[in-house]
K.L.:
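Can you keep this structure in mind? I'll have questions shortly.
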2 protein chains.
Amino acid sequence: MANSASGESIIGRFVKIVSAFDDRHPSMSVAELGRRTGLPVTTTYRLVNDLLVERLLDREPGGNVHIGTRMWELVSRGSKMVGLREAALPFMEDVQAVVQHSTTLGLLDSDEVLYIERIGSHSTIVDITKIAGRLPVHATSSGLVLLANSPAEYQETVLARPLTKFTETTLTDPPQLRRHLAEIRQRGYAVMPGVIVKESSGIAVPVFGPDNAVVAALSVVVPRNEENVPARVPVLMASARGISRALGWRGELKGALRQSH
Amino acid sequence: MANSASGESIIGRFVKIVSAFDDRHPSMSVAELGRRTGLPVTTTYRLVNDLLVERLLDREPGGNVHIGTRMWELVSRGSKMVGLREAALPFMEDVQAVVQHSTTLGLLDSDEVLYIERIGSHSTIVDITKIAGRLPVHATSSGLVLLANSPAEYQETVLARPLTKFTETTLTDPPQLRRHLAEIRQRGYAVMPGVIVKESSGIAVPVFGPDNAVVAALSVVVPRNEENVPARVPVLMASARGISRALGWRGELKGALRQSH
DNA sequence: TCAGGATTCCCGCTCAATGGTAATCCTCCT
DNA sequence: AGGAGGATTACCATTGAGCGGGAATCCTGA
């Protein structure tokens, strides 16, 4: 499928290059980039030059390169994420102001939860969520809310895979999870104590799009020992509805109509 | 430079494709994408397929395509923008809470101001700033702050170009601008009444990075008729210092030391 | 049923991309 | 100063991935 000996397309190599950068490696030399991607040296230099010309990568004084400003701009301008994020942010701040712990917004992507926004204290509590970070569906409150509102076949494919048990409260037994998902769908929220990290609990509720489909999950992470966690739920739900409205949602079509599809 | 008849590289075409999407066109059919980019039909389909495979584009039920979730993820994870934005957001919220009008964070890119974050009311006041949007340097308070803190040669290249006069208060006369830039640099902030839109004024201050270089501009847009605009300056400055600190800035090296370089 | 557009298939041509090797440029370290 | 090790650039023969015109097929609404 490509000119390369290894059979990769340029696009594939482009992805490799971009993937080489993350929060721990925001910039690096071209040689190191070549090493990290496993691409042949010459090829790496040539490709990087092409990317520099288009400003998809930027070269910094030291000679290192990093993801280009133009790249961020193009993607941000065209992506629907930004709209979602902008709609959600004010409501997330409200939640944040009341709950006082970190608030996140995540969606389902490639069988995982992808967090697209996160605000709140970086310090007070253990929360491994990062913007543009991923976590498994079965081990996060956000993931379970999203999964609970997915088609049954999809749920089964997820349940069919090996599920990592992070702590003793992580649910990994399919029947047990199935029951739990039904509960979540019915209640409209998920509360998960210490599913990934023992010390914290996650609470999540669904956010709806214009077509009444669940597009994201709004959640907060609170210390596990905190009293009456369920008291947090109404705030979350109200805010999630606010976000949904901002996205064009016009109130739910009371059950049956949708389920019949 | 490329296999194509038109002499474009794949990377160039990739940029064309991504550029075709913006907030007014977040998704479209492949045929329309071909039209917008001006690429040959077949080529467009082939390229789009490659991008779909890598999930740089996503196909939606209707058949339309849009910027892929994975693309947003890769860029967000690797870009320094996100770190800057995250550092700035809490402080921007503080400004926002006090000033009650829209607060923006912008930086210099390709001789324009690129806004990387914006929070605040979408309604109360005229403000054409958008996230990932651009505005000319000479006609925004952010732009002038950034320009004032740039090397002299760079300032001159900008001043040498034709400068659009948006309103009667837009400065377009180089000598006048030069004087104004000097003032801004000395004062440490810029106040520009109705430079792009008559009804609103912009106030901007610089944000510093670890090496004491100006990396961004923090600004607010307020109604022009508002009383004592300068009273807003201290809040902005304090917040900008907060952001700078969060970025690793350690207080300024009082002049000479740096200037001598 | 039909029309107009969107999408996929087909296929020969060709030059851009490839990647090895070698030369050059840096940057520390001694 | 000298030199070792890595980063970067230059060179170049080879070739298959990309190209894009054209035609067939699939939609979709009138």
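What you are looking at is a predicted structure, and each value in this text was computed from that prediction instead of being measured. Side chains are part of it too, since the values below use all heavy atoms of this structure and drop only hydrogens, waters and symmetry mates. A, B, ... follow the sequence lines: proteins, then strands. Residue 1 opens every chain.
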K.L.:
Whole Å only: how far is the CG atom of A:Leu39 from the P atom of C:dT18?
P.N.:
9 Å
K.L.:
A:Asp50 CG to D:dG18 P: how many Å, rounded?
P.N.:
14 Å
K.L.:
C:dA17 C1' sits how many Å from A:Leu51 CG, rounded?
P.N.:
14 Å
K.L.:
Establish, with yes or no, whether the OP1 or OP2 oxygen of D:dG20 is under 4.0 angstrom from a side-chain nitrogen or oxygen of B:Arg46.
P.N.:
no
K.L.:
Tell me which pairs pass side-chain hydrogen bond (donor to acceptor under 3.5 Å, both in side chains) where either residue lies in residues 151-163 of chain B, with sequence neighbours left out.
P.N.:
B:Asp111-B:Tyr154, B:Asp111-B:Arg161, B:Glu156-B:Arg178
K.L.:
Think A:Arg13 has a side-chain N or O under 4.0 angstrom from the OP1 or OP2 of C:dT18?
P.N.:
yes
K.L.:
Please list all pairs meeting salt bridge (Lys or Arg N to Asp or Glu O under 4.0 Å) that have one or both residues in residues 18-31 of chain A, counting only residues at least two apart or in different chains.
P.N.:
A:Asp23-A:Lys130
K.L.:
Enumerate donor-acceptor pairs with a distance under 3.5 Å from any side-chain N or O in residues 71-78 of chain A to protein atoms, sequence neighbours excluded.
P.N.:
from: A:Trp72; atom 1: NE1; to: A:Ser76; atom 2: OG; distance (Å): 3.4
from: A:Glu73; atom 1: OE1; to: B:Arg134; atom 2: NE; distance (Å): 3.2
from: A:Glu73; atom 1: OE1; to: B:Arg134; atom 2: NH2; distance (Å): 2.7
from: A:Glu73; atom 1: OE2; to: A:Arg77; atom 2: NH2; distance (Å): 2.3
from: A:Glu73; atom 1: OE2; to: B:Arg134; atom 2: NE; distance (Å): 2.5
from: A:Ser76; atom 1: OG; to: A:Trp72; atom 2: O; distance (Å): 2.8
from: A:Arg77; atom 1: NE; to: B:Ala132; atom 2: O; distance (Å): 3.2
from: A:Arg77; atom 1: NH2; to: B:Ala132; atom 2: O; distance (Å): 2.9

K.L.:
Quick one: what's the B/S/- string for nucleotides 3-13 of chain D, heavy-atom cutoff under 4.0 Å, read 5' to 3'?
P.N.:
----SBBBB--
K.L.:
Any luck finding a side-chain donor-acceptor pair between A:Thr104 and A:Glu117 under 3.5 Å?
P.N.:
no
K.L.:
Output every pair passing salt bridge (Lys or Arg N to Asp or Glu O under 4.0 Å) with a member in residues 28-48 of chain A, not counting sequence neighbours, ordered by first then second residue.
P.N.:
none
K.L.:
Whole angstroms only, please: what is the CD1-C1' distance between B:Ile11 and C:dA17?
P.N.:
12 Å
K.L.:
Got a sec, which residues hit side-chain hydrogen bond (donor to acceptor under 3.5 Å, both in side chains) with B:Thr44, two or more places apart in sequence or on another chain?
P.N.:
none
K.L.:
Rounded to the nearest Å, what distance is computed from the CG atom of residue B:Leu52 to the P atom of nucleotide C:dT7?
P.N.:
11 Å
